[in-house]
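Just so it is clear, the model here is predicted, and its values are computed rather than measured.
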Amino acid sequence: MGKEQMDKHFEQNRVDSVVKEINQKVNHLSQQVQKISSDALEIRKTFWNDVTVNVDEPDDMIETYFSIKQQAQLLSERERSQSHLGKELKTLGRLKYSPYFGRVDFKEDGEQKSESIYLGITSLMDQNEENFLIYDWRAPISSIYYDYSPGKAEYNTLEGNIKGEMELKRQFIIRNSKIEGMFDTGITIGDEILQEVLGNNANTQMKSIVATIQKEQNQIIRNEKSKVLLVQGVAGSGKTSAALQRVAYLLYRYRGILTSQNIMLFSPNPLFNSYVATVLPELGEENMQQATFLEYLTSRIEKSIHLEDAFMQVEYILNGEETEEYVTRIKSISFKSNLQFKEIMDQYLKYLSNEGLLFKDIMVKNKLLISAEQIKDKFYTYDKSYSIPNRMALLQEWLLKEIRKFKKREREQDWVKEEIQFLEKEDYLDAFKKLQKDKKFNEDTFDDQEREEKVLSEVLVSRYFKPIIRQVKKFRFIDYIHIYNQLFTQETVEKAALLVNDDWKDICRISQVKLSSSELTYEDATPFVYLKDHIEGRKGSSSVKHVFIDEAQDYSPLQFAYIRELFPYSKMTLLGDINQGIFAHSSEATSILPLNFIEEDKESIILTRSYRSTRPIGEFTKSLLKDGSLIEPFNREGNKPTLTIVKDQDDLHTSLVRKVNNLKEQGHKTIAIICKTAKESQEAFHSLKDELPLKLIEKGTISFEQGVLVIPSYLAKGIEFDAVLIYDASSKSYHRESERRLFYTACTRAMHELHLYTTEEISPLLSDSKDYLEISSKVL
């Protein structure tokens with residue numbers, strides 16, 4: 001038996017031994033879970049039997065309270081233990097089939113013998129809890145696996161830096177407890193492992209990459225010092241995967257201090273949230289808070305205001321004709337996205353501190369209680385040295401007092417007595433209960449008419465005033481839409497001495513048209529909420545310690561400035577690729593990092609190697625960019641991308657159906673027909689749905705299944721597919737230079753196969769890329 005076979009035999013025996021230990025632990029834990037579950041069930045059944053209930057005397061009530069509390073705590077402790085053991089069992093269940101993925105033999109300086117370190121998704125100790133059979137990939141010593149080749153190596157611990165010699169670095173592919181591949185390797189995770197992982201079909205959910213983390217990705221994952229970590233990575237470089245492993249690492253490193261609720265991820269769309277939902281649970285961690293930035297903005301804007309979302313804005317940009325109105329809108333988007341507009345907002349807020357705030361009348365039953373002018377006068381009587389939010393809090397308190405006075409007086413009005421007659425039976429019952437509770441009724445009969453009428457009047461008036469009080473508590477008496485609209489008037493510009501640009505008048509004109517109908521464009525949403533926060537007080541969250549922003553290139557400098565105000569003390573991880581910037585404000589950007597982060601304690605990591613696509617697809621997509629030479633495609637063989645020129649729409653659909661069926665026969669599970677816009681996606685879907693089993697992905701889609709998908713280009717960001725078919729690569733569809741990044745983004749979604757189609761003249765964006773395509777013309 002050769003050395004290689006002996007090594008594999010030894011390693012398989014160890015796998016078998018570890019799996020045996022895992023099975024024993026599973027059996028032991030299962031028995032514990034069964035016992036705890038039985039205990040919890042018994043406590044629930046006998047809860048009140050074991051509680052002393054006596055409320056006759058104060059001392060007895062206290063005893064009863066503590067008796068109930070003790071039983072509740074006992075039940076809660078059993079349920080927590082059951083949940084904890086359940087998580088352990090799930091993790092052991094995963095370990096059983098693939099206990100670990102790597103091994104390093106490390107001899108610490110001063111020691112005579114090296115130690116074999118086996119790395120897996122979690123730690124595992126032997127039955128005596130003395131020796132590690134598997135080390136968690138996040139443990140300090142595990143970092144040498146990702147950062148070093150055999151030779152001198154070191155790692156950091158809480159006690160200091162540990163130096164030594166790495167004598168062996170080995171990687172495994174283990175499935176169903178059997179070693180299917182084993183490689184001794186150098187500094188990078190070996191191409192054999194990557195080829196095996198990357199050659200698999202795409203999945204409907206992102207997977208953990210702990211077995212294939214590269215050195216530069218490990219730097220992202222284990223970075224603890226930087227307040228702002230900027231990750232600029234090309235399409236398919238694994239930046240999002242690394243960020244999710246970073247979350248898992250932070251939860252492991254600061255266990256007991258940091259929880260998943262202390263971490264916030266701003267994701268590009270709801271579909272992406274579903275796509276990444278299984279990564280952390282695979283590693284035994286709970287998912288962090290996740291939201292799109294639009295979801296946050298929507299939560300801060302009244303429902304009566306119609307808000308355009310980011311994708312509606314993109315649709316307008318991609319579908320719009322180059323009219324004067326269109327050009328002005330593009331200028332407006334650009335201007336309202338930059339920091340100069342924030343300066344204008346800050347100037348405007350100084351003006352509002354002295355004059356110009358607008359309010360709404362407070363009404364009840366079409367009767368004016370407090371006029372907008374009265375509210376305004378009252379606000380400006382407060383000391384101007386106080387901030388606007390502090391004065392607004394005083395104003396709110398005054399309004400609530402005034403409303404309660406009105407409420408008390410209103411009970412005596414004639415309309416109240418009239419409406420009492422039409423109250424429901426339940427209202428009378430509530431009044432009876434209230435009198436009974438207050439002991440203000442005749443013990444035998446409910447015949448005290450005066451008291452009855454008083455209580456019923458209170459019930460009725462409260463019904464009208466309750467929503468008014470609720471609205472005042474939410475600051476709904478402030479007329480935000482008109483305050484924001486006022487910013488775009490010439491009178492305000494002059495009074496507030498706003499420093500505007502040459503396009504301001506045109507920007508004001510289109511802004512006022514929208515705002516007059518209570519419509520808010522996406523470019524107005526962030527400044528609107530920024531203004532709102534500085535009037536009623538900021539709604540930040542001190543519990544969030546780490547903020548992750550994916551697709552950071554799609555955030556404007558103003559949005560970054562606002563997010564920084566929301567989370568002033570949080571560490572931030574920004575992930576993006578400027579070549580995938582698809583929004584109007586990002587078309588000229590050269591970095592995902594805005595200027596307002598220039599003074600931050602930051603570190604930048606650049607990922608230039610793309611792992612997603614085959615080399616032929618990678619070579620083609622990099623040719624689409626002006627600076628694409630910086631991208632390094634991973635050396636994985638595959639077919640050359642194709643461009644098929646067809647006669648008309650009928651021939652296009654026939655070609656697409658044929659290609660999709662061919663790809664399915666080859667075993668591809670996720671096939672995306674990527675269209676430029678939602679409108680084009682809907683048209684393609686309706687044209688092809690009778691020929692193919694399709695699913696249309698729209699902006700509201702929260703998950704997708706394996707199969708054939710029709711999806712707009714901007715919703716495909718961050719997701720990968722086995723095969724991609726570009727529905728229309730003609731000059732009619734992609735003709736603007738500003739659409740180059742969008743086109744590149746769509747093409748880089750493909751892992752194994754990429755096919756482009758056109759019925760007209762080929763897009764000028766392909767002029768330098770034809771050598772990387774297999775071009776054919778078909779008249780079917």
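Residues Gln313 and Thr521 form no side-chain contact, since every pair of their non-hydrogen atoms from C-beta on lies 4.5 Å or further apart. Between Lys474 and Gln396 there is no side-chain heavy-atom pair separated by less than 4.5 Å. Residues Asp506 and Lys331 form no side-chain contact, since every pair of their non-hydrogen atoms from C-beta on lies 4.5 Å or further apart. A heavy-atom distance below 4.5 Å is found between the side chains of Leu487 and Leu498. Residues Ile510 and Glu325 have side chains in contact (heavy-atom distance under 4.5 Å, counting atoms from C-beta outward). Between Met572 and Ile563, some side-chain heavy-atom pair lies under the 4.5 Å cut-off. Gln486 is not listed as a side-chain neighbour of Gln512, based on a closest heavy-atom distance of 4.5 Å or more. Side-chain contact between Thr573 and Ile549 is absent, with no heavy atoms from C-beta onward closer than 4.5 Å.
Every side chain to side chain donor-acceptor pair (under 3.5 Å) that Gln290 has, sequence neighbours left out, goes to Asn273. Glu224 pairs by the salt bridge (Lys or Arg N to Asp or Glu O under 4.0 Å) definition with Arg253, not counting sequence neighbours. Remark: Arg329 engages Glu308, Glu523 in a side chain to side chain donor-acceptor pair (under 3.5 Å) (not counting sequence neighbours). Every residue two or more places apart in sequence or in another chain that forms a side chain to side chain donor-acceptor pair (under 3.5 Å) with Lys717 is listed here: Asp554. For the ring-ring contact (aromatic ring centres under 6.0 Å, His included) test, residues two or more places apart in sequence or in another chain that qualify with Tyr484 are Phe488, Phe528. Under the ring-ring contact (aromatic ring centres under 6.0 Å, His included) criterion, Tyr326 pairs with Tyr316, not counting sequence neighbours. Listed by chain and residue number, nothing satisfies the ring-ring contact (aromatic ring centres under 6.0 Å, His included) test with His546 (two or more places apart in sequence, or in another chain). With sequence neighbours excluded, the residues satisfying side chain to side chain donor-acceptor pair (under 3.5 Å) with Glu494 are Gln490. In this structure Phe548 satisfies the ring-ring contact (aromatic ring centres under 6.0 Å, His included) test with no other residue, sequence neighbours excluded.
Under the 3.5 Å distance criterion, the side-chain polar atoms of Glu315 are matched with a main-chain donor or acceptor of Ala678. Put simply, the side chain of Gln559 never gets that close to the backbone of Thr526: no donor and acceptor are under 3.5 Å apart. Put simply, the side chain of Lys532 gets close to the backbone of Arg300: a donor and an acceptor are under 3.5 Å apart. Side-chain atoms of Ser299 come within 3.5 Å of backbone N or O of Tyr296 as a donor-acceptor pair. Checking side-chain atoms of Thr259 against main-chain N and O of Gln261 turns up a donor-acceptor pair under 3.5 Å. Panel note: side chain Ser556, backbone Asn338; no donor-acceptor pair is recorded below 3.5 Å.
Listed by first then second residue, pairs satisfying ring pair (Phe, Tyr, Trp, His ring centres under 6.0 Å) with a partner in residues 355-392 number zero, not counting sequence neighbours. Among pairs with a residue in residues 476-490, none fulfils salt bridge (charged side-chain N to carboxylate O under 4.0 Å, His left out), at least two apart in sequence or across chains. Applying the salt bridge (charged side-chain N to carboxylate O under 4.0 Å, His left out) test to residues at least two apart or on different chains, the pairs with a partner in residues 483-493 are Glu491-Lys495.
One distance of note links OG of Ser516 with CD1 of Ile481; it measures 9.5 Å at 0.5 Å rounding. Taken from NZ in Lys376 to CG in Leu358, the straight-line distance is 6.0 Å, to the nearest 0.5 Å. Considering CH2 of Trp398 and CD1 of Ile403, their distance stands at 9.0 Å, rounded to 0.5 Å.
Taking both residues in full, the closest heavy atoms of Leu520 and Ala525 are given as CD2-CA, 4.1 Å, listed atom of the first, atom of the second, then distance. Nearest heavy-atom pair across Val228 and Arg564 is CG2-NH2, 3.7 Å. Here the shortest heavy-atom pairing between Ala561 and Leu339 reads CB-CD2, 4.1 Å. Closest approach of Glu285 to Ala248, counting heavy atoms only: OE2-O, 4.2 Å. Of all heavy-atom pairs spanning Pro270 and Glu295, the tightest one is CG-OE2, 4.4 Å. Closest approach of Ser260 to Leu251, counting heavy atoms only: N-CD2, 3.5 Å.
Residue Asp502 places its CG atom among 12 or fewer non-hydrogen atoms of other residues, nucleotides or ligands, all under 6.0 Å distant. For Lys505, the NZ atom sits in a loose shell: 12 or fewer heavy atoms of surrounding residues, nucleotides or ligands are nearer than 6.0 Å. A 6.0 Å sphere centred on CD of Glu286 holds no more than 12 heavy atoms belonging to other residues, nucleotides or ligands.
The pair Asp346-Lys342 meets the salt-bridge criterion, since a charged nitrogen lies less than 4.0 angstrom from a carboxylate oxygen. Salt-bridge formation is not detected for the pair Glu397/Lys378: no Lys NZ or Arg NE/NH1/NH2 atom is positioned less than 4.0 Å from an Asp or Glu carboxylate oxygen.
A side-chain donor from one of Asp533 and Tyr562 sits under 3.5 Å from a side-chain acceptor of the other. The closest side-chain donor-acceptor pair between Gln553 and Glu551 falls under 3.5 angstrom. No side-chain N or O of Ser337 forms a donor-acceptor pair with one of Ser334 less than 3.5 Å apart. Under the 3.5 Å distance criterion, with hydrogens and angles disregarded, no donor-acceptor pair is assigned to the side chains of Tyr348 and Glu343. A donor atom on one side chain and an acceptor atom on the other are not found under 3.5 Å apart for Ser371 and Asp361.
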Salt bridge (charged side-chain N to carboxylate O under 4.0 Å, His left out) between Lys514 and Asp524, intermediate numbers included = CA-CA 10 Å; Lys514 290 286 186 185; Asp524 283 306; over 6 Å; no
Check step by step if side chain to side chain contact (heavy atoms under 4.5 Å, CB included) holds for Phe477 and Leu395.
-> CA-CA 10 Å; Phe477 57 89; Leu395 180 65; 3.7 Å; yes
Asn262 vs Val544, side chain to side chain contact (heavy atoms under 4.5 Å, CB included): CA-CA, chis, key distance, verdict = CA-CA 4 Å; Asn262 301 133; Val544 175; over 6 Å; no
Just do the side chain to side chain contact (heavy atoms under 4.5 Å, CB included) check on Lys602 and Leu229 with the steps written out, would you?
-> CA-CA 6 Å; Lys602 67 179 187 296; Leu229 178 62; over 6 Å; no
What do the steps show when you test Lys336 against Leu558 for side chain to side chain contact (heavy atoms under 4.5 Å, CB included), and what is the final call?
-> CA-CA 8 Å; Lys336 290 174 181 175; Leu558 186 99; over 6 Å; no
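Paired with Met363 under the rule side-chain contact (heavy atoms from CB on, under 4.5 Å), one option of Leu368, Ile468, Leu369 passes, and it is Leu368.
Note: Phe341 and Trp504 have tilted aromatic rings, judged against thresholds of 30 and 60 degrees for the angle between ring planes.
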